[in-house]
Amino acid sequence: QVQLVESGGGSVQVGGSLRLSCAASGRTFSSYSMGWFRQAPGKEREFVAATTWSGGSIYYANYADSVKGRFTISRDNAKKTLYLQMNSLKPEDTAVYYCAASVTAIPPVDYWGQGTQVTVSS
């Protein structure tokens, strides 16, 4: 069982930055694939970024086209924490951001966090 707790959301102006964190429980964090999704009001939850474990200490990252070049996903296995650095934020980035974990690759998602609100205003 894995529990995920997000933090770092808030309100920021267009062009600003935020860093989201996701603290995970469990003893095998390093072998989980981890990711971020978001859900804006009235819209379906959508993929943002993921870091996928491919064995040993090798991970590869992938991003939604809408955030490429602006967002960076990273992880600190010693701290069991996942991060999402968000730069050059736009109003369309406004959403609840969810941390996700998978024992294989994302998708599918095996565990979800409770979400953290990000609001970008102009």
Tell me every residue that passes side-chain contact (heavy atoms from CB on, under 4.5 Å) with Asn87, counting only those two or more places apart in sequence or in another chain. Ser17, Gln85

Between Arg75 and Trp53, is NZ or CZ placed under 6.0 angstrom from the six-membered ring centre and within 45° of the ring axis? no

Looking at [Y], is its backbone amide N or carbonyl O close enough to the side chain of [X] to form a donor-acceptor pair, meaning the two atoms are under 3.5 Å apart?
{"X": "Ser122", "Y": "Val14", "value": "no"}
{"X": "Glu6", "Y": "Gln114", "value": "yes"}
{"X": "Glu46", "Y": "Arg38", "value": "no"}
{"X": "Thr52", "Y": "Ala105", "value": "no"}
{"X": "Ser33", "Y": "Thr104", "value": "yes"}

Do [X] and [Y] have side chains that approach each other closer than 4.5 Å (heavy atoms only, starting at C-beta)?
{"X": "Phe29", "Y": "Met34", "value": "yes"}
{"X": "Ser30", "Y": "Tyr59", "value": "yes"}
{"X": "Leu4", "Y": "Tyr98", "value": "no"}
{"X": "Leu89", "Y": "Phe71", "value": "yes"}

Just wondering, more than 12 heavy atoms not from Gln3 lying within 6.0 Å of its CD? no

Report the C-alpha distance between Asp65 and Lys68 in whole Å, list the side-chain angles of each, state the deciding distance to 0.1 Å, and finish with yes or no for salt bridge (Lys or Arg N to Asp or Glu O under 4.0 Å). CA-CA 5 Å; Asp65 287 344; Lys68 279 181 182 176; 3.2 Å; yes

Count I, L, V, M, F, W, Y as connected when their side-chain heavy atoms are under 4.5 Å apart, and connections chain through other members. Are Val120 and Leu84 then in the same cluster? yes

Tyr32 and side chain to side chain contact (heavy atoms under 4.5 Å, CB included): which partner among Val2, Ile106, Thr51?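 Answer after filtering Val2, Ile106, Thr51: Val2.
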
With side chain to side chain contact (heavy atoms under 4.5 Å, CB included) as the criterion, how do Arg45 and Trp112 come out once you've worked through the C-alpha distance, each side chain's angles and the decisive distance to 0.1 Å? CA-CA 12 Å; Arg45 192 172 298 189; Trp112 291 100; 3.2 Å; yes

